[in-house]
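Everything below concerns the one structure shown next.
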Amino acid sequence: MLRPVTGGCRAVAGNVAAVGSADAAEPGWRALVTGADSGIGQRVLSALTASGVDVAVSASAGDIGVPEGWVGQPFTVVDLTVGDHDSLAARRSSVTDAGRALLDLLERTGAEHLVLVSSALVYGAHPGNPVPITEEATLRPEPSFVYARQLAGVEERVERWRRAAEGRRVAVLRPVVTVATASTTSTLMTALTAGFGQRLGRDDPPAQFLHPDDLATAIATVVRERSDDVLNVAPDGWIPGHRIRALTGNRWRLPLPGSAAEVVSAWRWRLQRGPIPPGLLSYTQAPWVIANDRLRALGWRASVTNEQAYVEGTEEPWWGSVSPKRRQEFALVGAVAGVVATAALGALIGRWMWRRSRRR
């Protein structure tokens, strides 16, 4: 359902940072925001209206057209649906489906400027990745991570759309994983933080974490500038691996051989944070931090550092984010483990008593 936003947006939780130092958008510039009911939607609307953009919003890209009064006028489509992992999962939809609906919307409305929110996950996490990764890098998403693989596919189809007609412009934003806040959720953040600090005898790779307020102002920046480019979105720098391990807290770890450690890791992910997207584990084992120089050149600055965003996104203990079903599974496994341990201890005691009686 389409509705215009007039007279600004209602206030959202948290502070919305200023959008660079440049002047506001030219009067009358318009933006059609799809996926405005997402966790970041209200922040994006606030950032856009603060930049002087007239906004119309929709929950999806499926059944909408040009708002009344916009026909024949230039406007930007800001898509928040394709990269919204949590909303897609809740609707049991896919990135590919969302991308198809977006391209249909662009054709129906005749839009000439698109802002697509993708993800830095499309670069993939590989031991040989440069630190940091720039926008020129080849996309190598983890093949088993369907979400990242499909995002790369949508980016390719959007680029074909851009080249199909003169005057079309596309800004593709590739943010690092956005953290959860009091008003937003992030299952990807939850899954990634569950994987950090779990490797035995090896450092974690460096990592970056983005506050949703800063993603919102990045979107407003590229709308205002009519950007036609690929831009990474991340705070300056990154958190070193040893610092991530320290931020996760001191945890007791049982030294296990490699094969057993992999099995235990798989069960921990399922019981504590499940369901975990297949293929995401590699993103906790190799670097994929990104450079933000292009976006900074447009005047954007992150208002929240990597460490501040990480701390805000991990304040809740992991047990509080586990579903009742997972808690039951965890309790069942614990009970079974207890029975096995008790039986093993009983067998050892019995064998010791038998040997002792034989000696006597």
Side-chain angles (χ1 to χ4, degrees), residues 1-6 9-10 12 25 29-49 51 53-71 73-119 147 150-151 153-162 168-175 178 183-186 212 215-224 226-228 231 233:
M1 179 178 180
L2 187 68
R3 61 183 178 85
V5 176
T6 57
C9 292
R10 68 177 176 83
V12 296
W29 189 256
R30 301 165 175 83
L32 172 60
V33 181
T34 67
D37 59 343
S38 64
I40 196 177
Q42 285 296 328
R43 298 170 190 262
V44 172
L45 299 182
S46 293
L48 287 171
T49 55
S51 295
V53 178
D54 294 331
V55 182
V57 303
S58 172
S60 70
D63 301 310
I64 61 176
V66 180
E68 186 177 352
W70 286 26
V71 178
Q73 301 297 321
F75 66 93
T76 297
V77 170
V78 178
D79 181 76
L80 305 179
T81 61
V82 170
D84 189 349
H85 176 272
D86 289 354
S87 293
L88 291 173
R91 299 197 305 268
R92 297 189 176 183
S93 184
S94 70
V95 174
T96 300
D97 292 337
R100 189 178 299 114
L102 171 62
L103 289 170
D104 179 65
L105 169 68
L106 295 173
E107 293 293 346
R108 285 189 287 109
T109 60
E112 296 182 350
H113 186 220
L114 168 66
V115 175
L116 174 68
V117 181
S118 181
S119 171
Y147 170 74
Q150 290 185 348
L151 274 178
V154 170
E155 284 194 24
E156 182 180 351
R157 287 190 287 277
V158 164
E159 175 61 16
R160 290 201 296 266
W161 172 85
R162 185 183 72 86
R168 289 178 176 175
R169 303 168 68 86
V170 174
V172 176
L173 295 181
R174 293 176 182 160
T178 306
S183 60
T184 62
T185 59
S186 177
L215 177 55
T217 58
I219 292 170
T221 298
V222 297
V223 170
R224 184 194 67 216
R226 322 289 192 272
S227 176
D228 184 29
L231 304 106
V233 190

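When a residue number appears, it is its place in the shown sequence, counting from 1. Predicted model, so just to flag it, every value in this text is computed and none were measured.
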Subject >> Derivation and outcome, side-chain contact (heavy atoms from CB on, under 4.5 Å), residues R162 and D228 >> reply: CA-CA 10 Å; R162 185 183 72 86; D228 184 29; 3.3 Å; yes
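- Nearest heavy-atom pair, A31 versus L48, reported as atom, atom and distance to 0.1 Å: CB-CD1, 4.4 Å.
- Donor-acceptor pairing under 3.5 Å is recorded for the side chains of T76 and W29.
- Partners of E112 according to the side-chain contact (heavy atoms from CB on, under 4.5 Å) rule, which considers only residues two or more places apart in sequence or in another chain, do not exist here.
- Residues R43 and L215 fail the side-chain proximity criterion, which asks for heavy atoms closer than 4.5 Å.
- Taken from CG in L80 to OG in S87, the straight-line distance is 9.5 Å, to the nearest 0.5 Å.
- Under the 4.5 Å side-chain criterion, counting only non-hydrogen atoms from C-beta, L116 is in contact with L102.
- With rounding to the nearest 0.5 Å, the separation of OG in S119 from CD in E155 is 9.0 Å.
- Residues S118 and V154 are not in side-chain contact: their nearest non-hydrogen atoms beyond the backbone lie 4.5 Å or more apart.
- Rounding to the nearest 0.5 angstrom, the gap separating the OG1 atom in T184 from the CD atom in Q42 is 13.0 Å.
- To the nearest 0.5 angstrom, L114 atom CG is 8.5 Å from T34 atom OG1.
- Using the six-membered ring where Trp is involved, W70 and F75 have ring planes that are tilted, between 30° and 60° apart.
- No side-chain heavy atom of T178 sits less than 4.5 Å from a side-chain heavy atom of S186.
- A distance-only check finds a donor-acceptor pair linking the side chain of H113 to the backbone of S227 [under 3.5 Å].
- We find the CZ-CD distance between R30 and Q73 to be 5.0 Å, quoted to the nearest 0.5 Å.
- In this structure S93 satisfies the side-chain hydrogen bond (donor to acceptor under 3.5 Å, both in side chains) test with no other residue, sequence neighbours excluded.
- Put simply, the side chain of V82 does not reach to within 4.5 Å of the side chain of V117, judged on heavy atoms.
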Original post:
Between R157 and T96, does a side-chain contact (heavy atoms from CB on, under 4.5 Å) hold up when you go through it step by step?
Top reply: CA-CA 10 Å; R157 287 190 287 277; T96 300; 4.0 Å; yes
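- By the salt bridge (charged side-chain N to carboxylate O under 4.0 Å, His left out) test, E156 pairs with R160, sequence neighbours left out.
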